[in-house]
Amino acid sequence: MNNKLAQLKHWLALYHIPKLGVRTYHKLLNAFNSPENILSATDTQLTQAGLASAPLKSLRSFINSTNSKITDKINQDLAWFKRSEKNHIITLADASYPPLLKLIADAPVILYVKGQLACLLKHQIAMVASRHPTIAGINHAKAFAKQLSLSNLVVTSGLAAGIDNASHQGAVAADCSTIAVMGTGIDLIYPSSAKSLATQITQQGA
């Protein structure tokens, strides 16, 4: 395994530790600078840095190779990552991580991205609204998204039915990048009626 994949495995290991929340993950990173250092720290050091007993026990069982569930999840992630050149797993340490997202207190430690990484670093504008809009609302959303896209802004929305869906459609119609932030996770397109749109988004955006 090359160095980059080895580092990614460390990030994923901590990400999949049960009851180790994102804010605790941030505390550990601030204390130890890297996942590799966290994994090599002593129980006393980890406890002093804010790691509770339950996730500490899970972490220790993973390190001692007695927790196969965590290893299985890591392997599933890496298999997905290797399946396509459009599949990406981005960590806080990656240059492709959106810089403004990194500024929030509970920034996601890991992003699963399918599509074009370059659009993550472009200027974005969020468009989100009702899932039950009027026809006029849908048309306005498409028109706004198209013009904003043509003005070099990446339209970011949630792929949900209604205005979110229409916003992505407007950007796609302009042949521009758009980003769908998925609450369901990267492996489940919801609603199912958005699968075709999701494929187009992956080709032009992420």
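- Listed by first and then second residue, the salt bridge (Lys or Arg N to Asp or Glu O under 4.0 Å) pairs involving residues 120-136 amount to none (not counting sequence neighbours).
- Using modelled atom types, no side-chain atom of H123 and backbone atom of L153 make a donor-acceptor pair closer than 3.5 Å.
- S130 meets the side chain to side chain donor-acceptor pair (under 3.5 Å) test with no other residue; sequence neighbours excluded.
- Between L101 atom CG and L120 atom CG the span is 9.5 Å, to the nearest 0.5 Å.
- For T91 (side chain) and A93 (main-chain N/O), a donor-acceptor pair under 3.5 Å exists by modelled atom type.
- In this structure, K19 NZ and S53 OG are separated by 8.5 Å, a value rounded to the nearest 0.5 Å.
- Expressed to the nearest 0.5 Å, how far CZ of F81 lies from CG of L5 amounts to 6.0 Å.
- Between the N64 side chain and the R60 main chain, a donor and an acceptor come within less than 3.5 Å of each other.
- Remark: of the listed residues I179, L121, L103, L111, L111 is the sole one forming a side chain to side chain contact (heavy atoms under 4.5 Å, CB included) with P98.
- Closest non-hydrogen pair, C119 versus V154, comes out as O-CG2, 4.2 Å.
- Proximity of a side-chain donor or acceptor of H168 to a complementary backbone N or O of A145 within less than 3.5 Å is not detected.
- Judged by distance alone, the side chain of T178 and the main-chain N or O of V155 form a donor-acceptor pair under 3.5 Å.
- Note that the CG atom of D77 and the CD1 atom of I186 stand 11.5 Å from one another [nearest 0.5 Å].
- Side chain of N87 to main chain of W80: a donor-acceptor pair is present (N/O by atom type, distance under 3.5 Å, no hydrogens or angles).
- Distance check: Q169 CD to K142 NZ gives 4.5 Å after rounding to the nearest 0.5 Å.
- Pairing each heavy atom of I163 with each of G137, the nearest pair is CD1-O, 3.5 Å.
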- Run the numbers on S177 and Q204 for side-chain hydrogen bond (donor to acceptor under 3.5 Å, both in side chains), then give the verdict. CA-CA 5 Å; S177 297; Q204 296 177 208; over 6 Å; no
- Task: Let me see the working for F62 and I74 under side-chain contact (heavy atoms from CB on, under 4.5 Å), right down to the final yes or no.
- Result: CA-CA 11 Å; F62 165 74; I74 294 171; 3.8 Å; yes
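- Side chains of H26 and L92 form a contact here, defined as non-hydrogen atoms less than 4.5 Å apart.
- Here the CG-CD1 distance, from L14 to I70, works out to 9.0 Å after rounding to the nearest 0.5 Å.
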